[in-house]
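Any value given below was found using the heavy atoms of this structure, including those in side chains, with hydrogens, waters and symmetry copies removed.
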Amino acid sequence: MRRIITIFLLIIVSFLLQSALFSFCNLQGVAPNLLLILTMSFGIMRGRREGMLTGFFCGFLYDVFFSGLIGPYMFLFMILGYFNGSFHKDFLMEDVMLPVFIIAVDETIFCFVEYVSGFLLRNRTDIVFYFIHVFVPHILYTVVATVIVYRIYVVINKFLKKKVKENEAV
């Protein structure tokens with residue numbers, strides 16, 4: 001129960017930071033995607049199920065507040081969380097390189113979906129311009145944020161695992 005409440009609070013805090021604080025403190029209109037970082041982190045730390053469930057709620061919030069439809073980003077976050085959970089067994093929690101690589105791939109997929117839905121369908125087909133001016137800054141900013149935020153999530157995850165072990169011992 002403590003784990004569910006903690007993940008729920010992390011989703012709310014990440015959403016508030018992404019939508020409120022980073023919308024004002026952005027670099028050239030680019031802010032890190034904290035909801036995607038959270039989905040990736042709990043996917044690789046806790047497995048496919050946790051990654052998919054975290055992705056569901058992060059995507060739901062993203063759809064409600066940033067999208068015109070309910071469902072597309074929820075589905076995308078769920079899929080990314082599920083596939084990130086595939087790395088759970090081959091993963092050392094203190095290793096930062098795998099999360100950095102995974103978040104770069106996740107953010108590329110996320111930006112490509114935004115490109116298709118927001119620009120390509122409106123007959124704006126200059127993908128090179130979009131890649132240079134949107135993909136790369138988003139990816140770099142999210143990767144830098146991942147290096148910092150991921151370590152916080154590791155500490156929180158270790159704390160949650162420790163509490164679960166203490167409750168099982170009693």
Participant: Can you see which heavy atom on G43 is nearest to which on H88, and at what distance?
Facilitator: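 Heavy atoms only, the tightest pair is O-CB, 4.2 Å.
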
Participant: Quick check for you: to the nearest 0.5 Å, what is the distance between F131 atom CZ and D126 atom CG?
Facilitator: 13.0 Å

Participant: Answer with yes or no whether the hydrophobic clustering places L38 together with I152; edges join I, L, V, M, F, W, Y residues whose side-chain heavy atoms lie under 4.5 Å apart.
Facilitator: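 L38 clusters together with I152.
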
Participant: Give the C-alpha distance, both sets of side-chain angles, the deciding distance and a yes or no for side chain to side chain contact (heavy atoms under 4.5 Å, CB included) between V96 and T146.
Facilitator: CA-CA 9 Å; V96 177; T146 299; over 6 Å; no

Participant: Can you name the nearest heavy-atom pair linking A31 to H138, along with the distance?
Facilitator: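 Distance-wise, the nearest heavy atoms are O-CD2, 4.1 Å.
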
Participant: Got more than 12 heavy atoms from elsewhere within 6.0 Å of CZ, F83?
Facilitator: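 It does not: F83 CZ has 12 such atoms or fewer within range.
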
Participant: Less than 4.5 Å apart, side chain to side chain, heavy atoms only: is that true for L98 and D95?
Facilitator: yes

Participant: So does F66 have more than 12 non-hydrogen atoms from other groups sitting under 6.0 Å from CZ?
Facilitator: yes

Participant: Answer yes or no: is there a donor N or O on one side and an acceptor on the other, between the side chain of Q18 and the main chain of L35, under 3.5 Å?
Facilitator: yes

Participant: M74 vs F56, test: side chain to side chain contact (heavy atoms under 4.5 Å, CB included). Steps then yes/no.
Facilitator: CA-CA 5 Å; M74 187 170 49; F56 174 82; 3.1 Å; yes

Participant: Looking only at heavy atoms, what is the nearest atom pair of A145 and I37, with distance?
Facilitator: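 Nearest pair, atom of A145 first, then I37: CB-CD1, 3.9 Å.
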
Participant: Say you draw a straight line from CD1 of I7 to OG of S14; how long is it, rounded to the nearest 0.5 Å?
Facilitator: 11.5 Å

Participant: Any side-chain donor paired with an acceptor under 3.5 Å for Y82 and T39?
Facilitator: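 Y82 vs T39: no donor-acceptor pair found between side chains.
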
Participant: Specify whether F42 and Y153 have parallel, tilted or perpendicular ring planes, treating 30° as the upper limit for parallel and 60° as the lower limit for perpendicular.
Facilitator: tilted

Participant: Kindly assign one of parallel, tilted or perpendicular to the pair Y130 and F135, based on the angle between their ring planes and the thresholds 30° and 60°.
Facilitator: perpendicular

Participant: Counting only heavy atoms from other residues, nucleotides and ligands, does the tally under 6.0 Å from CZ of F112 exceed 12?
Facilitator: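 Counting other residues, nucleotides and ligands, CZ of F112 stays at 12 neighbours or fewer.
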
Participant: Only one of L34, T54, L16 clears side-chain contact (heavy atoms from CB on, under 4.5 Å) with I11; which?
Facilitator: T54

Participant: Of the non-hydrogen atoms in M45 and K161, which two are nearest, and what is the gap between them?
Facilitator: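 Nearest heavy atoms, M45 then K161: O-NZ, 4.3 Å.
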
Participant: How far does OG1 of T6 sit from NZ of K163, to the nearest 0.5 angstrom?
Facilitator: 11.0 Å

Participant: Return the CG to CZ distance between L80 and F75, rounded to the nearest 0.5 Å.
Facilitator: 10.0 Å

Participant: Applying a strict under-4.5 Å side-chain criterion to I, L, V, M, F, W and Y, I'd like to know whether V113 and Y141 cluster together.
Facilitator: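 Looking at the clustering, Y141 is in the same group as V113.
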
Participant: Would you say that more than 12 heavy atoms from the other residues, nucleotides or ligands in this model lie under 6.0 Å from the OH of Y115, or not?
Facilitator: yes

Participant: For the residue pair F15 and F65, does the interplanar ring angle fall in the parallel (under 30°), tilted (30 to 60°) or perpendicular (over 60°) class?
Facilitator: tilted

Participant: Can any side-chain N or O of N84 pair as donor or acceptor with the backbone N or O of I44 at less than 3.5 Å?
Facilitator: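 Absent.
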
Participant: Are L140 and F129 linked, directly or through intermediate hydrophobic residues, by side-chain heavy-atom contacts shorter than 4.5 Å (ILVMFWY only)?
Facilitator: no

Participant: Supply the atom-to-atom distance T142 OG1 to E107 CD, rounded to the nearest 0.5 angstrom.
Facilitator: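 Answer rounded to 0.5 Å: 3.5 Å.
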
Participant: Report the residue from E166, K158, K165 that forms a side-chain contact (heavy atoms from CB on, under 4.5 Å) with K162.
Facilitator: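 For K162, the side-chain contact (heavy atoms from CB on, under 4.5 Å) check succeeds only for E166.
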
Participant: Measure the spacing between CD1 of I156 and CG of L10 and express it to the nearest 0.5 Å.
Facilitator: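 The distance works out to 4.5 Å.
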
Participant: In the single-linkage hydrophobic clustering (I, L, V, M, F, W, Y; side-chain heavy atoms under 4.5 Å), do L53 and F60 co-cluster?
Facilitator: no

Participant: Quick check: do D63 and L69 have side-chain heavy atoms less than 4.5 Å from each other?
Facilitator: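 Not touching, per the 4.5 Å side-chain cut-off.
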
Participant: Below 30° counts as parallel, above 60° as perpendicular, anything between as tilted: where do the rings of F77 and Y73 land?
Facilitator: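 Perpendicular: the ring planes of F77 and Y73 meet at over 60°.
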
Participant: Considering non-hydrogen atoms only, spot the tightest contact between V143 and A104 and give its length.
Facilitator: CG2-CB, 4.1 Å

Participant: Hydrophobic clusters here meaning ILVMFWY residues chained together by side-chain heavy-atom distances under 4.5 Å, can you tell me if F22 and V144 are in one?
Facilitator: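 Unlinked, F22 and V144 end up in two clusters.
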
Participant: So with a 6.0 Å cut-off around CZ of F57, is the heavy-atom count from everything else above 12?
Facilitator: no

